[in-house]
Amino acid sequence: MSQADRLLPAAAPATPLPWKRGVAWLLLLGPLFFLSYGFANHAAAARASVPSFFYGWERHIPFLPWTILPYWSIDLLYGFSFLCCRTPRETDRHALRLLTTQLIAVACFLAFPLRFAFVRPATDGLFGALFASLAAFDLPFNQAPSLHIALLVLIWVQFARLRTHWFWQLVIHGWALLIGLSVLTTWQHHFIDIPTGAMLGLFCLWLWPDEGGTPLRRSGQRSARRMRLALAYALGALLALALAISVRALAAPLGWLALSLAIVAWNYAHAGAAGFQKHDGRRLLAVTWLLAPHVLGAWLNARLWTRRRPQPDPITGDVWLGRLPSAAELRASPFAALCDLCAELPAPRGPWAYAGHAWLDLVAPDADQLLAAARSIESLRSHGPVLVACALGYSRSAAAVATWLCLSGRCPDMDSALALLAERRPTVVINAALRERLREVEQQLLKGERHV
């Protein structure tokens, strides 16, 4: 071995795939699937009358016998999806998603069974044999949410994360789309089963995320304020759900809205800001789709409240305060860094320096959170002018800037900091709870040296 070779770092040993763990999970999930799914099917068949839910235009969907091939292929991909898992944690998370999806879907099938309304045309040959084997197990029930689609979402995510050539990525996405369409062209499902199934798969991705903990864990201190906001969102979810049931033409979008508001209610009541799954300004795939209706509403609300004063305001020479901008707005600005303090909106992407502290809207952060944000502001100043932002730029971000003004010694006390904020940005709103937190910050600063 040459001297140069000895100086090179040793290659990290390859980590073996946890395939044995995957096989163990399959031995549990496989029998459970057939037993629970079959039980729900026969329970629906035993009922005197099972309703159907479909739109008139679905009668024009063609029956394509050959699409039974991609339809059946999901069984094979189900097993192979465990080979996409690189660590035991990934394997367990994937298995928990599959298990949770199955349990929720079967519970729905038992609670409100639906029946496929059309009679499938007779088919012979290979395709006919595949349809016959399907009919031997799968009765025309177990419709919404489509377990086929829910599982497809989870399996698709596993295969899509593989680092492969673009051609194989194209094959993965193309085949997944074909599987999704096949539930219609094999006359196995009605349209409403597809969005409900997709939402179920995404919900389980949110419940068992790749990054961070599960939103089943409680985060932060419960307060009367948080519980009131949770109740408001929960009532909104119930109203949207009632409308979805009543207005069949809008069942899918209203059901999506109901699920989105229910998740936000859960975050306020239990999971906290962690439930929004925002990491380094980006949101995970599942929460991006699940909370899209809420994000749209929050964005429109922010734009309406700030329409008369959309621009940020300078607080000091290089620290500004404003609403969370779009990427285009930030590119056109002089800011080199962004300190983002909201959980409900994704941050704009770009080359600027970034620090994020995901805080719930309308809930006062605690003193330690305010001090952490203030230190981030000071750190970002080394890159150039800093924009400190939340959805409106009125409360959360204002409190962080007030903390930074005191922490850095630019203001002698919190009253001076708040007076400066009111002078530079008159729209700032510091309610009683937030003012109390700022007093706690001031007391902590009085006990120790001011430093950043």
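All values derive from a computational prediction rather than experimental measurement.
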Euclidean distance, Leu324 CG relative to Leu345 CG, rounded to 0.5 Å: 6.0 Å
Check: Ser223 side chain, Arg226 main-chain N or O, donor-acceptor pair, under 3.5 Å: yes
Working for ring-ring contact (aromatic ring centres under 6.0 Å, His included), residues Phe141 and His42: CA-CA 9 Å; Phe141 306 104; His42 286 87; 9.2 Å; no
pair Leu338-Val386: side-chain heavy atoms closer than 4.5 Å: no
Thr306 side chain to Ala302 backbone, donor-acceptor under 3.5 Å: yes
Short side-chain to backbone donor-acceptor contact, Tyr394 and Trp305, under 3.5 Å: yes
Partners passing side chain to side chain contact (heavy atoms under 4.5 Å, CB included) against Leu434 (at least two apart in sequence or in another chain): Ala364, Pro365, Ser395, Ala399, Ile430, Asn431
side-chain contact (heavy atoms from CB on, under 4.5 Å) assessment of Arg323 paired with Cys390: CA-CA 5 Å; Arg323 72 185 187 187; Cys390 57; over 6 Å; no
Reported CZ-to-CG distance for the pair Phe33 and Leu147, which is rounded to 0.5 angstrom: 5.5 Å
Less than 3.5 Å apart, which donor and acceptor atoms pair up between the side chains of residues 106-123 and the rest of the protein, not counting sequence neighbours?
residue, atom, partner, partner atom, Å
Arg115, NE, Val50, O, 3.4
Arg120, NE, Thr186, O, 3.1
Arg120, NH2, Gln188, OE1, 2.2
Thr123, OG1, Pro121, O, 3.4

Side chain to side chain, Leu99 and Leu32, heavy atoms closer than 4.5 Å: yes
Test side chain to side chain contact (heavy atoms under 4.5 Å, CB included) applied to His173 - qualifying residues, sequence neighbours left out: Trp156, Ala160, Gln169
Side-chain heavy atoms of Leu330 within contact of Phe335, under 4.5 Å: yes
Donor-acceptor contact present, side-chain Thr67 to main-chain Leu64, <3.5 Å: yes
Where Ala286 and Leu205 come nearest, the two heavy atoms and their spacing: CB-CB, 3.5 Å
Pairs meeting criterion salt bridge (Lys or Arg N to Asp or Glu O under 4.0 Å) with involvement of residues 161-186, two or more places apart: Glu90-Arg161, Arg161-Asp210
Closest heavy-atom pair and its distance - Pro209, Pro215: CD-CD, 4.3 Å
Backbone N/O of Thr91 and side chain of Arg21: donor-acceptor pair under 3.5 Å: no
Donor-acceptor contact present, side-chain Glu378 to main-chain Trp404, <3.5 Å: no
Residue pairs involving residues 264-277 (criterion salt bridge (Lys or Arg N to Asp or Glu O under 4.0 Å); sequence neighbours excluded): none
Heavy-atom side-chain contact between Leu216 and Trp208 under 4.5 Å: yes
Parallel, tilted or perpendicular, as decided by the 30° and 60° cut-offs, for the rings of Tyr55 and Phe53: perpendicular
Side-chain heavy-atom pair Trp72, Ser133 within 4.5 angstrom cut-off: yes
Arg349, CZ atom: more than 12 neighbouring heavy atoms under 6.0 Å: no
Note, Ser146 side chain near Ile194 side chain (heavy atom, < 4.5 Å): no
Phe159/Trp175 aromatic ring centres below 6.0 Å: no
Trp168: side chain to side chain contact (heavy atoms under 4.5 Å, CB included) partners, not counting sequence neighbours: Thr164, His165, Val171
side-chain contact (heavy atoms from CB on, under 4.5 Å) evaluation trace for Tyr354 with Cys339: CA-CA 6 Å; Tyr354 176 83; Cys339 185; over 6 Å; no
Pairing residues for Ala234 by the side chain to side chain contact (heavy atoms under 4.5 Å, CB included) criterion, not counting sequence neighbours: Ala265
Heavy-atom check, side chain of Phe276 versus side chain of Ile263, under 4.5 Å: no
Gln369 side chain reached by Asp366 side chain, heavy atoms, under 4.5 Å: yes
Gap separating the SG atom of Cys342 from the CG atom of Asp361, nearest 0.5 angstrom: 8.0 Å
Shortest non-hydrogen contact between His148 and Val183, atoms and distance: CD2-CG1, 3.7 Å
Derivation of the salt bridge (Lys or Arg N to Asp or Glu O under 4.0 Å) call for Arg396 and Glu344: CA-CA 13 Å; Arg396 287 171 286 181; Glu344 69 274 17; 2.8 Å; yes
Pairs involving residues 264-288, ordered by first then second residue, that meet side-chain hydrogen bond (donor to acceptor under 3.5 Å, both in side chains) (sequence neighbours left out): Arg222-His270, Lys278-Asp340
Results of side chain to side chain donor-acceptor pair (under 3.5 Å) for Tyr78 - residues two or more places apart only: none
Under 3.5 Å donor-acceptor, Ser182 side chain and Ile179 backbone: yes
Reported CZ-to-CG distance for the pair Arg97 and Asp92, which is rounded to 0.5 angstrom: 11.0 Å
Spacing of OG1 belonging to Thr101 relative to CG belonging to Leu200, to within rounding of 0.5 Å: 5.0 Å
Proximity of Phe82 and Trp25 rings by center, below 6.0 Å: no
Expected output: side-chain Ser246 to main-chain Leu243 donor-acceptor under 3.5 Å: no
Interatomic distance, Arg307 atom CZ to Leu304 atom CG [nearest 0.5 angstrom]: 6.0 Å
Exercise: identify the closest heavy-atom pair between Ser397 and Leu321: OG-CD1, 3.2 Å
Any residue meeting ring-ring contact (aromatic ring centres under 6.0 Å, His included) with Phe131, in chain and number order, not counting sequence neighbours: Phe63
Residue list, side chain to side chain donor-acceptor pair (under 3.5 Å) with Glu58, at least two apart or on another chain: His190
Pairs where residues 290-303 contributes a residue and the test salt bridge (Lys or Arg N to Asp or Glu O under 4.0 Å) is met, not counting sequence neighbours: Arg303-Glu329
Donor-acceptor under 3.5 Å (Arg425 side chain, Gly393 main chain): yes
Considering all heavy atoms, the nearest Leu341-Ala400 contact: CD1-CB, 3.4 Å
Side chain Thr214, main chain Leu207, donor-acceptor under 3.5 Å: yes
Atom of Leu290, atom of Trp206 and distance for their closest heavy-atom approach: CD1-CB, 3.7 Å
